[in-house]
Q: 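The structure that follows is given in the form of structure tokens.
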Amino acid sequence: MIKQEIKRVLAKRLEQLNFELDRASIDVEEPSNDEFGDFASNVALELATEDDLSPRELARSIVEGIGNELFSRITVAGPGFINFHLKRDFLMKSLSQLLSSSDPLGEISANEKGSIQIEFVSSNPTGPLTVGHCRQAVLGDVLAALYRALGYEVETEYYFNDEGRQMDILARTLWVRYKQALGEEVEIPDDGYKGDYLVEIGEDVASERGDRYSSWNDETADFFKKVGLEEMIGRIKKDLDLLGVKFDSWFRESKLHEEDKVEEVLSALDEQDGTYKEGGALWLKAEEEGAPKDAVLVKSNGDPTYLLPDIAYHLDKLDRGYDRALVLLGADHQRHVENMKAALSKLEFPPDFYQVLINQFVSLSKEGEVKRMSTRAGEFVTLKSLVEDLGKDVVRYFMSARKPESHLEFDYELAKKESMDNPVYYLQYAHTRIASIFEKSGYVELEEDFPLEGVDLNELGKDEEIELIKKLDKFPEMIEIAAGDYGPHHLVSYGENLAAIFHQFYNKYKVLTDDEKISQARLALCKGVQLVLKELLNLLGVSAPRKM
RNA sequence: GCGCCUGUAGCUCAGUCGGAUAGAGCGACGGAUUCCUAAUCCGUAGGCCGGGGGUUCGAGUCCUCCCAGGCGCACCA
């Protein structure tokens with residue numbers, strides 16, 4: 001990474017000048033205007049204000065002591081910026097490193113990092129996954145891929161409630177569907193799940209078991225709970241499969257009760273003087289920890305709320321030894337997060353253990369109307385239909401494209417109708433073009449293993465070529481930002497930009513020319529672009545086709 | 001009423017730590033193909049970065065107030 005190298009140089013020089021400044025706090029960036037060189041730093045401006053010096057003066061003395069083995073020119077400009085103009089060799093070294101290692105992430109992926117557990121989707125098995133879950137599934141899956149690529153130990157987990165009221169309602173609704181399948185006139189209960197996804201399951205049970213569950217009793221309830229759970233989880237897994245999302249682990253809530261984790265949490269909270277009783281309910285002293293209000297842990301009827309087992313669940317996560325537990329939640333869980341933070345703080349969890357990424361909702365506009373989705377009312381667009389209509393690549397790309405905390409407006413009609421104009425194809429096409437060049441040149445074997453011997457990268461020098469090399473060099477930095485930010489959308493922005501520069505280059509210059517030396521150098525550049533594009537598409541879970 | 005998120009081109013959105021002249025895609029208009037895939041490229045038009053105040057050498061970015069939208073403020077999950 002060129003930027004890191006410049007920071008190193010600057011840090012060394014500043015040390016000579018007796019400034020105390022660690023490398024991380026040195027700011028080096030790419031100026032928007034080419035006039036200002038390839039990279040620029042504002043260190044002189046920052047240090048000058050602190051010590052009441054002239055920024056330009058200081059910049060000049062910094063520049064004087066920097067050797068010129070890496071730079072063709074270093075200038076002082078404006079109020080005191082230091083502008084670095086790179087030597088060609090410096091850039092080419094970056095490209096040749098990429099090619100010889102075939103690892104677009106380079107050194108940042110090498111050293112060992114900590115462990116992170118990522119929990120997402122975690123929809124209860126009471127209905128099919130919708131577009132909202134779809135966004136979260138993609139975000140979580142891409143984040144997991146990012147952290148894996150960076151060398152973290154990653155585990156993805158899906159948490160679901162397999163008992164309690166929601167499951168009772170599911171069982172009851174399913175039973176009604178079963179009765180209807182047997183030809184009886186039965187109404188779905190008011191609080192039941194009205195969607196027709198349970199009809200089919202009811203019919204299956206009716207045809208397999210006949211009328212043996214005609215009356216509602218404990219045996220019937222248990223049976224339909226079991227069937228409902230199995231069927232729904234099965235469907236959820238299938239849907240996620242369509243999206244290419246696989247979880248490392250599936251965690252059922254009942255396990256917490258079986259292992260007395262819930263009891264454990266209650267007594268731990270009690271030990272910390274974190275609870276009190278009021279109105280027959282058990283409350284968490286959340287306000288003491290910064291939450292707006294106290295929260296109920298156990299209802300007056302003795303049932304735990306959603307909060308209590310979730311605290312127990314996170315105690316379990318902590319016990320499992322992860323450094324961090326990241327949870328993806330929808331915007332409607334904001335209050336829950338405040339309660340969780342309060343509880344975990346009472347329990348003296350390590351402060352950075354519980355990490356939350358709250359994502360805003362997806363609105364789906366269809367025929368000019370914005371549809372709201374409600375699982376309970378049975379009105380929603382399912383993840384399944386979305387993927388079946390648009391394809392995994394398009395869906396994953398769209399769902400990754402916006403930063404999580406922004407609303408995502410998904411124009412279904414447009415995405416379907418104009419799918420050929422879709423930006424995902426723009427990226428894939430860049431990859432395809434490169435593959436096609438290697439086919440054409442009869443250098444298919446070069447694509448596998450590109451030998452740098454005899455290739456003179458200094459043949460590269462056109463603006464587009466230089467820009468591409470710089471862009472490739474920036475890839476690892478972008479990945480670190482995306483992971484640190486929990487923001488897969490950085491991949492999309494970067495990718496579109498890289499593809500754009502490549503397409504420009506491709507249109508302006510021929511890779512395969514009469515000049516063998518130029519051809520070799522440009523093939524090398526193409527290989528570099530291809531390595532990065534492939535890695536990027538891979539991380540997004542989007543295919544990188546060789547032909548389109 | 002209080003809290004979280006959002007407000008940038010006609011539309012959908014980027015813009016890591018405050019940096020020099022604010023970007024992309026779509027849409028509109030005008031062009032490019034005897035040549036490695038035109039699912040591409042080039043050009044034009046389009047902006048008080050929601051509004052006011054502040055912090056400083058410098059603000060789309062930080063602080064504050066206001067306005068608009070989404071979500072929340074359950075003994076639901």
Side-chain angles (χ1 to χ4, degrees), chain A residues 24-27 29 31-33 35-36 40-42 45-46 48-49 55 77-81 83 122-124 126 161 164-166 191 278-283 291-293 295-307 310 330-338 358-361 363 365 401-411 414 418-426 428-430 432-441 477-478 480-482 484-485 487 489-490 492-494 496-497 499-500 502-513 519 522-523 526 547-548:
Chain A
S25 60
I26 294 179
D27 190 20
E29 59 180 35
S32 48
N33 191 332
E35 254 177 68
F36 301 136
S41 178
N42 63 355
L45 284 161
E46 304 242 321
T49 38
F81 289 105
N83 294 334
S122 293
S123 161
N124 278 335
T126 53
N161 186 342
R165 221 185 111 223
Q166 300 301 318
D191 57 358
E278 194 182 292
L282 186 71
W283 294 73
K293 279 183 188 172
V296 173
L297 293 165
V298 183
K299 302 184 223 173
S300 50
N301 70 2
D303 289 344
T305 60
Y306 163 58
L307 178 61
D310 205 31
D332 54 342
H333 282 62
Q334 177 226 329
R335 193 51 219 294
H336 176 68
V337 172
E338 286 167 335
I358 288 196
N359 62 282
Q360 296 294 322
F361 292 136
S363 56
S365 56
R402 305 280 173 254
K403 61 179 169 200
E405 57 270 27
S406 283
H407 289 266
L408 190 150
E409 187 166 320
F410 201 108
D411 191 330
L414 194 77
E418 305 200 332
S419 59
M420 281 310 186
D421 283 332
N422 210 295
V424 66
Y425 298 108
Y426 187 80
Q428 291 179 319
Y429 188 47
T432 300
R433 276 187 151 169
I434 294 170
S436 159
I437 291 169
F438 279 102
E439 295 283 347
K440 204 70 171 186
S441 63
E477 184 192 356
M478 182 278 296
E480 276 186 321
I481 288 169
D485 249 23
H489 68 286
H490 287 108
V492 171
S493 305
Y494 173 94
E496 286 182 10
N497 199 229
F502 176 75
H503 285 308
Q504 283 163 31
F505 160 75
Y506 180 92
N507 268 277
K508 203 159 165 186
Y509 304 104
K510 283 193 67 86
V511 173
L512 305 172
T513 65
S519 304
R522 288 189 177 157
L523 276 169
C526 286
K547 282 202 167 69
M548 287 174 77

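Computed from a prediction, not measured in an experiment: that's the story for all the values here. Letters go in sequence order (proteins before strands), and every chain restarts at 1.
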Q: Record whether the side chain of A/Gln334 comes under 3.5 Å of the base of B/G3 through a donor-acceptor pair of N or O atoms.
A: yes
Q: Do the side-chain N or O atoms of A/His490 get closer than 4.0 angstrom to the phosphate oxygens (OP1, OP2) of B/G15?
A: yes
Q: Please check the phosphate of B/A20 (OP1 and OP2 only) for any side-chain N or O of A/Ser32 closer than 4.0 Å.
A: yes
Q: Does the side chain of A/Lys440 get closer than 4.0 angstrom to OP1 or OP2 of B/C35 through an N or O atom?
A: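 Answer no for this pair, as no side-chain N or O of A/Lys440 is under 4.0 Å from OP1 or OP2.
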Q: Once you measure the plane-to-plane angle for A/His333 and A/His336, does it fall in the parallel (<30°), tilted (30-60°) or perpendicular (>60°) bin?
A: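 It falls in the perpendicular class, over 60°.
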Q: Taking the side chain of A/Glu29 as its heavy atoms from C-beta onward, which of B/G19, B/A77, B/A38 lies nearest to it?
A: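 Looking only at heavy atoms from C-beta outward on A/Glu29, the closest nucleotide is B/G19.
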Q: Of all the choices, B/C13, B/A77, B/C36, which nucleotide is nearest to the side chain of A/Leu512 once you look at every atom?
A: B/C36
Q: What distance, rounded to whole Å, do you find between the two P atoms, one in B/A59 and one in B/C49?
A: 13 Å
Q: Counting only side-chain nitrogens and oxygens, does A/Arg335 get under 4.0 Å of the OP1 or OP2 atom of B/C76?
A: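 For B/C76, neither OP1 nor OP2 has a side-chain N or O of A/Arg335 closer than 4.0 Å.
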Q: Of all the choices, B/C75, B/C76, B/U40, which nucleotide is nearest to the side chain of A/His503 once you look at every atom?
A: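 Minimum distance to the A/His503 side chain belongs to B/U40.
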Q: Rounded to the Å, how far apart are A/Asn507 CG and B/A39 P?
A: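 Atom CG in A/Asn507 sits about 11 Å away from atom P in B/A39.
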Q: By nearest heavy atom, map A/Phe81 and A/Arg433 onto RNA chain B; which one lands nearer the 5' end?
A: A/Phe81
Q: For the base of B/A20 and the side-chain ring of A/Phe36, does the geometry meet a stacking cutoff of under 5.5 Å between centres and under 30° between planes?
A: yes
Q: As an exercise, state the distance from CZ of A/Arg522 to NZ of A/Lys510, rounded to the nearest 0.5 Å.
A: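 Result: 10.5 Å between the selected atoms.
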Q: What is the distance, to the nearest angstrom, from the CG atom on A/Leu307 to the C1' atom on B/A77?
A: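 The answer, rounded to whole Å, is 11 Å.
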Q: Would you indicate what A/Glu480 reaches in the nucleic acid, counting non-hydrogen atoms under 4.0 angstrom: base, sugar-phosphate, or nothing?
A: nothing
Q: Which residue, A/Tyr509 or A/Phe361, contacts RNA chain B at a nucleotide closer to its 5' end, judged by nearest heavy atom?
A: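 Closest to the 5' end, via its nearest nucleotide, is A/Tyr509.
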Q: Quick check: do A/Pro404 and A/His489 have side-chain heavy atoms less than 4.5 Å from each other?
A: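 Yes; the side chains approach each other to less than 4.5 Å.
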Q: Taking all non-hydrogen atoms of both residues, which atom of A/Ile437 and which atom of A/Val511 are closest, and how far apart?
A: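 That would be CD1-CG2, 3.8 Å.
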Q: Looking at every non-hydrogen atom in both residues, tell me the closest pair between A/Glu496 and A/Tyr426 and how far apart they are.
A: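 Shortest heavy-atom contact: O-CE2, 3.8 Å.
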Q: Whom does B/G46 pair with, Watson-Crick or G-U wobble, provided both distances fall under 3.5 Å?
A: none
Q: Which one is paired to B/C4, where only Watson-Crick or G-U wobble pairs with both distances under 3.5 angstrom count?
A: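 Across all strands, the one nucleotide that pairs with B/C4 is B/G70.
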Q: Could one point to a donor on the side chain of A/Asn42 or the base of B/G19 with an acceptor on the other under 3.5 Å away?
A: yes
Q: Would you please confirm or rule out a distance under 4.0 Å between OP1 or OP2 of B/C41 and any side-chain N or O of A/Tyr426?
A: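 Indeed, a polar side-chain atom of A/Tyr426 lies that close.
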Q: If you only use heavy atoms from C-beta on, which nucleotide in B/A14, B/G72, B/C76 is closest to the side chain of A/Arg402?
A: B/A14
Q: Between P on B/G18 and CD1 on A/Ile26, what's the gap in Å once rounded to a whole number?
A: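 For the pair A/Ile26 CD1 and B/G18 P, the rounded distance is 16 Å.
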Q: Should A/Ser406 be listed as having a side-chain N or O under 4.0 Å from OP1 or OP2 of B/A14?
A: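 For B/A14, OP1 or OP2 has a side-chain N or O of A/Ser406 closer than 4.0 Å.
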Q: Which part of the nucleic acid does A/Gly484 contact within heavy-atom distance under 4.0 Å: base, sugar-phosphate only, or nothing?
A: nothing
Q: Would one find a side-chain N or O of A/Lys508 under 4.0 angstrom from OP1 or OP2 of B/U40?
A: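 So the side chain of A/Lys508 is outside the cut-off, no N or O lying under 4.0 Å from OP1 or OP2 of B/U40.
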Q: Considering every strand shown, what is the Watson-Crick or G-U wobble mate of B/G27 when both distances are under 3.5 Å?
A: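 Check on B/G27: unpaired, no WC or wobble geometry under 3.5 Å.
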Q: Rounded to whole angstrom, note down the C1' distance from B/C11 over to B/G43.
A: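 The answer is 22 Å between these two C1' atoms.
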Q: Distance between the C1' atoms of B/C26 and B/A20, in whole angstroms?
A: 31 Å
Q: How far does the C1' atom of B/A22 sit from the matching atom of B/G69, given to the nearest Å?
A: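 To the nearest whole Å, 24 Å.
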Q: At under 4.0 Å between heavy atoms, what does A/Ala40 touch on the DNA or RNA strands: base, sugar-phosphate, or nothing?
A: base
Q: Does any nucleotide pair with B/G19 by Watson-Crick or G-U wobble geometry, both distances under 3.5 Å, and what is it?
A: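 B/C57 is the nucleotide pairing with B/G19.
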Q: Is it the case that B/C75 (base atoms only) and A/Thr305 (side chain only) share a donor and an acceptor within less than 3.5 Å, ignoring hydrogens and angles?
A: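 For A/Thr305, whose side chain was compared with the base of B/C75, there is no donor-acceptor pair (under 3.5 Å).
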Q: What is the nucleic acid contact for A/Asp303, judged by heavy atoms within less than 4.0 Å: base, sugar-phosphate only, or nothing?
A: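 Counting heavy atoms under 4.0 Å across all strands, no contact is made by A/Asp303.
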Q: Suppose you measure atom C1' in B/C48 against the same atom in B/G7; what distance do you get, rounded to whole Å?
A: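 After rounding to an integer number of Å, I get 15 Å for this pair.
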Q: If you check the A/Lys299 side chain, which of B/U12, B/A77, B/A39 turns out closest?
A: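 Looking only at side-chain atoms, A/Lys299 lies closest to B/A77.
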Q: Determine whether A/Pro292 and A/Arg335 make a side-chain contact, defined as any pair of heavy atoms from C-beta on separated by less than 4.5 Å.
A: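 A side-chain contact under 4.5 Å exists here.
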Q: Ignoring hydrogens and geometry, is there a side-chain-to-backbone donor-acceptor pair from A/Asn507 to A/His503 under 3.5 Å?
A: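 Answer holds: yes.
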Q: For the C1' atoms, the ones on B/A38 and on B/G31, what distance do you get once it is rounded to whole angstrom?
A: 14 Å
Q: Check each of A/Glu480, A/Lys403, A/Met478 against A/His490 using the side chain to side chain contact (heavy atoms under 4.5 Å, CB included) test, and report the only one that passes.
A: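 When A/Glu480, A/Lys403, A/Met478 are each tested with A/His490, the side chain to side chain contact (heavy atoms under 4.5 Å, CB included) holds only for A/Met478.
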Q: Just so I know, are the side chains of A/Glu405 and A/Ile358 near enough to count as touching, which here means a heavy-atom distance under 4.5 Å?
A: no
Q: OP1 or OP2 of B/A74 less than 4.0 angstrom from a side-chain nitrogen or oxygen of A/Lys293, does that happen here?
A: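 Answer is yes, contact under 4.0 Å.
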Q: To the nearest angstrom, how far is A/Glu409 atom CD from B/A14 atom P?
A: 12 Å
Q: Between A/His407 (NE2) and B/C11 (P), how many Å, whole number?
A: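 So the NE2-P distance, A/His407 to B/C11, works out to 17 Å.
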Q: Scan every strand shown for a Watson-Crick or G-U wobble partner of B/A9, both distances under 3.5 Å, and answer none if you come up empty.
A: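 Per the H-bond distance test, none.
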Q: Any strand counts, and the cut-off is 3.5 Å on both contacts for Watson-Crick or G-U wobble. Which nucleotide pairs with B/U34?
A: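 Across all strands, not a single nucleotide pairs with B/U34.
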Q: What I'd like to find out is whether the side chain of A/Phe361 reaches to under 4.5 Å of the side chain of A/Asp332, using heavy atoms alone.
A: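 They are in side-chain contact.
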Q: Measure from CD on A/Glu405 to P on B/G3 and round the result to the nearest Å.
A: 20 Å
Q: Would you say A/Gln504 reaches B/C42's phosphate, i.e. side-chain N/O to OP1/OP2 under 4.0 Å?
A: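 So the side-chain polar atoms of A/Gln504 do come within 4.0 Å of the phosphate oxygens OP1 or OP2 of B/C42, strictly under.
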Q: Taking the P atom of each, how far is B/C13 from B/U8, in whole Å?
A: 9 Å
Q: Between B/U55 and B/C63, how far is it from one P atom to the other, in whole Å?
A: 15 Å
Q: NE2 of A/His333 versus C1' of B/C73: gap in Å, rounded?
A: 15 Å
Q: So does A/Asn83 reach the base of B/A20 with its side chain, donor to acceptor, closer than 3.5 Å?
A: yes
Q: What is the distance, rounded to the nearest whole Å, between atom CD of A/Glu496 and atom P of B/A14?
A: 11 Å
Q: Has A/His489 got a side-chain N or O lying under 4.0 Å from the OP1 or OP2 atom of B/G15?
A: yes
Q: Does B/C26 sit syn or anti, given that only angles within 90° of 0 count as syn?
A: anti
Q: Which is true for A/Ser493 with a 4.0 Å heavy-atom rule: it touches a base, it touches only sugar-phosphate, or it touches nothing?
A: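 Here A/Ser493 touches the backbone only, sparing every base.
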